[in-house]
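So the structure is just underneath, and the comments pick up after that.
Numbered from 1 within each chain, the chains take letters A, B, ... in sequence-line order. What you are looking at is a predicted structure, and each value in this text was computed from that prediction instead of being measured.
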There are 2 protein chains.
Amino acid sequence: MEQKKLKLADLAKLAGVSTSTASRALNNNPVIKQQTREHVQLLAKKYNFSLNTAASRLRLQKTNVIAVIINLDAHTEQSIDDPFLLKVVSDINQAVNRRGYELLLSNSYMAGDDWHGYFIDGRRADGLIVVGQGKQQQNIDTAAKNGAPLVVWGDPKTPSNYPIVGSNNYVGGYQATMHLLEQGASKLLFLGDSGHAEIGERYRGFNNALEAHQPKGVAKLLKIDITSQAAYTAINNLLRGEGLNFDGIVACSDMVALGALKALKERYVSVPNDVRIVGFDDIAMADISHPSLSSVKQNTREAAKLLVDKLLNQLNGEECMSQEVEIELVCRQSSQ
Amino acid sequence: MEQKKLKLADLAKLAGVSTSTASRALNNNPVIKQQTREHVQLLAKKYNFSLNTAASRLRLQKTNVIAVIINLDAHTEQSIDDPFLLKVVSDINQAVNRRGYELLLSNSYMAGDDWHGYFIDGRRADGLIVVGQGKQQQNIDTAAKNGAPLVVWGDPKTPSNYPIVGSNNYVGGYQATMHLLEQGASKLLFLGDSGHAEIGERYRGFNNALEAHQPKGVAKLLKIDITSQAAYTAINNLLRGEGLNFDGIVACSDMVALGALKALKERYVSVPNDVRIVGFDDIAMADISHPSLSSVKQNTREAAKLLVDKLLNQLNGEECMSQEVEIELVCRQSSQ
DNA sequence: GTGAAAGCGCTAACAC
DNA sequence: GTGTTAGCGCTTTCAC
């Protein structure tokens, strides 16, 4: 079954043309007679011919590959297993494919610190999509400075020399908070690390909504890691220490919200009657949780498309800007 | 900042040696004097030199890339967003990296039907890891027959010409069921499509446990798609149509279990008092759900390692066999 | 409209 | 222990 791999020269011989004609025919170069083109293409299909991408890449100095780097914060327990991150990667994968590129899934383990050298100079990929500003802004800056075509998923408001695509986190935080206030909550808890760029924006929205609403609510910030476990522990400790002194929670992610929800339910605090909750991300679990979780939906699909578009535009030498993607508050049982 | 890319010849010149010596030095070939090696390596680091992988791959006929193909069943709504699938991919990614390979994330969209031609002949990857036997067993068979180094995540009991790694699904189904019976449940529902290879095995374990246990329980099969939504709808319909005529559920996945759980809670059926549930996969949500979900944990980490090991062994010309990974029942609140 | 041939950057066989 | 050189398979310039 395992026959020798056909190379372009072999195919050309079979078709009775030169390699150059065969090459042009396969690439549908209109300079070649229609009939010749079809003839070669037919033979290629018949013999399951595939171009050797290694040779082609060497010749063209182009890989048709985009590398996606998962770039988590150094001091977080949040892992690559996080459902939201994986959703982002999956959406990027689709967007990349749709533009005819392949996706090299990567992380700092393989790439080390010199991303430009590893991916671009090393001809592993034509461009980089970095998911998360987190761990090493340094690496991103350096790669961009060295001329790596590069886009980042993160907080678009962060000043940068490269395009950042992400949600309008400020509006997300604002809307979630305003919604809770309008539902009658007044003692609000923000759950998340406000030092993180995207979460900081959400927190700003949270505070501004509290400012804007009458009557004024009371705010409290619980700086925790972006994990269910951290939220669960934090809420448990808070209830044990101070009792129930809040009636609304804005969580920085759905996983965090669900961790909080679990702690509340275990202590027989009713959601949404005693405490209303809104999460962030609108992961699949938000809908399946009981009570179902209200959440600020991030449009990862559109963001992925934008990331890829901007990256390909860079490859064409165009300048690109950061861009915010609009969010949408999805109201479910946990907040009303 | 964007200087001309250094090639090996340039580096060699800088080091005052020939390209062959430079090449050997970079690859730590012991035939080169220690001192020369260090000298070249130092310069390489200093100038951020990276080998052109395209050239290297062309020359070596080896890519150091492994392609992972997400191969979902054609008639399922289960998507690449499924948390368990993504966990598998993420674990494979780590295992692949640890062995010094890169991961090309793929799907039938890019690869088409001729995987051997596309990936192997096309020199995109040295081998394939197929996640799921699902959609097109045909494609897998053909690729294997054409000599593609290939391993599959799926049901290891399926007869095949390629190695399949997966959980001992039979034991998983058996243990979950026996556990429910021992907890006092006797009218059991199996939730999932028994036509699917892995789930079929779990169902066989389910039935055998019911056979083995005294007093005998009653079994019912609800063939549904592997999604929360399908489970939610199915349980709702069942309760509406027949009332609560069961007291235990073995679900084919945690997502399915959580969908069922939601339907039960909405109708005020108490879990675990009225109905006990065990899921499958032990995804992160199982622990955060309320009540927390008992589940059969699949050891994806070990499986990923085995998949990669077997694939690399194939690349070395060794024959490989299918292998089962042991599972573990994690008992939480939903079943006791 | 098609063909001949150069060359992308690397590795390894062979020469010394 | 190191250097010279052929050649991996493709694309494209230049020639006809």
Side-chain angles (χ1 to χ4, degrees), chain A residues 3-41 43-44 47-65 117-126, chain B residues 3-41 43-44 47-65 117-126:
Chain A
Q3 65 258 44
K4 194 81 174 52
K5 156 101 175 86
L6 233 48
K7 62 176 101 169
L8 186 60
D10 303 328
L11 186 72
K13 202 166 289 173
L14 285 168
V17 297
S18 71
T19 55
S20 46
T21 302
S23 173
R24 286 189 268 243
L26 287 178
N27 292 314
N28 243 324
N29 189 327
V31 95
I32 301 293
K33 215 197 317 180
Q34 177 79 29
Q35 192 189 336
T36 317
R37 262 188 283 166
E38 282 171 3
H39 180 52
V40 173
Q41 288 173 11
L43 280 173
Y47 289 100
N48 279 329
F49 174 79
S50 307
L51 282 172
N52 183 325
T53 51
S56 166
R57 286 172 187 174
L58 174 59
R59 176 64 229 235
L60 294 173
Q61 306 288 31
K62 171 119 165 58
T63 64
N64 268 281
V65 169
Y118 187 77
F119 290 110
I120 308 303
D121 276 351
R123 294 290 186 276
R124 286 177 169 85
D126 297 332
Chain B
Q3 64 257 45
K4 191 82 175 55
K5 155 101 176 89
L6 233 48
K7 63 175 103 167
L8 186 60
D10 302 328
L11 186 71
K13 201 165 291 173
L14 284 167
V17 298
S18 71
T19 54
S20 50
T21 301
S23 172
R24 286 188 268 243
L26 287 178
N27 293 312
N28 241 324
N29 189 326
V31 95
I32 300 292
K33 217 199 315 180
Q34 177 81 27
Q35 191 188 336
T36 317
R37 263 188 281 167
E38 281 172 4
H39 179 52
V40 173
Q41 289 172 10
L43 279 173
Y47 288 101
N48 279 329
F49 173 79
S50 307
L51 281 173
N52 182 324
T53 52
S56 167
R57 285 172 186 174
L58 173 59
R59 175 65 230 232
L60 294 174
Q61 306 287 29
K62 172 118 166 59
T63 64
N64 268 283
V65 170
Y118 187 77
F119 291 109
I120 308 302
D121 276 352
R123 296 289 186 277
R124 285 178 170 84
D126 297 331

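- Not counting sequence neighbours, the partners of B/T19 by the side-chain contact (heavy atoms from CB on, under 4.5 Å) test are B/A9, B/A12.
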Per-nucleotide protein contact string for nucleotides 7-16 of chain C (B base, S sugar-phosphate only, - none; heavy atom under 4.0 Å): BBBBBBB---
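- The minimum heavy-atom distance linking B/I32 with B/A25 is given by the pair CG1-N, 4.3 Å.
- Pairs of residues two or more places apart, or lying in two chains, that qualify as salt bridge (Lys or Arg N to Asp or Glu O under 4.0 Å) and include a residue from residues 52-64 of chain A are A/K62-A/D126.
- Of all nucleotides in DNA chain D having an atom under 4.0 Å from a heavy atom of chain A, the first and last in 5' to 3' order are D/dG9 to D/dT13.
- Every side-chain contact (heavy atoms from CB on, under 4.5 Å) that B/N27 has, sequence neighbours left out, goes to B/S23.
- Annotation: side-chain contact (heavy atoms from CB on, under 4.5 Å) contacts of A/N48 (sequence neighbours excluded): B/D114.
- Scanning for side-chain hydrogen bond (donor to acceptor under 3.5 Å, both in side chains) contacts around B/T53 gives an empty result, with sequence neighbours left out.
- Checked against side-chain contact (heavy atoms from CB on, under 4.5 Å), B/E38 has the following partners two or more places apart in sequence or in another chain: B/Q34.
- Here A/R123 pairs with nothing under the salt bridge (Lys or Arg N to Asp or Glu O under 4.0 Å) rule; sequence neighbours left out.
- Judged as a salt bridge (Lys or Arg N to Asp or Glu O under 4.0 Å), not a single pair has a partner in residues 11-35 of chain A (not counting sequence neighbours).
- Taking five base pairs at each end of the helix from C/dG1-D/dC16 to C/dC16-D/dG1 and finding the rotation axis that steps the C1' atoms of four pairs onto the next four gives two axes whose angle is 40°, to the nearest 10°.
- Every residue was checked against the side-chain hydrogen bond (donor to acceptor under 3.5 Å, both in side chains) condition with A/N52, not counting sequence neighbours, and none meets it.
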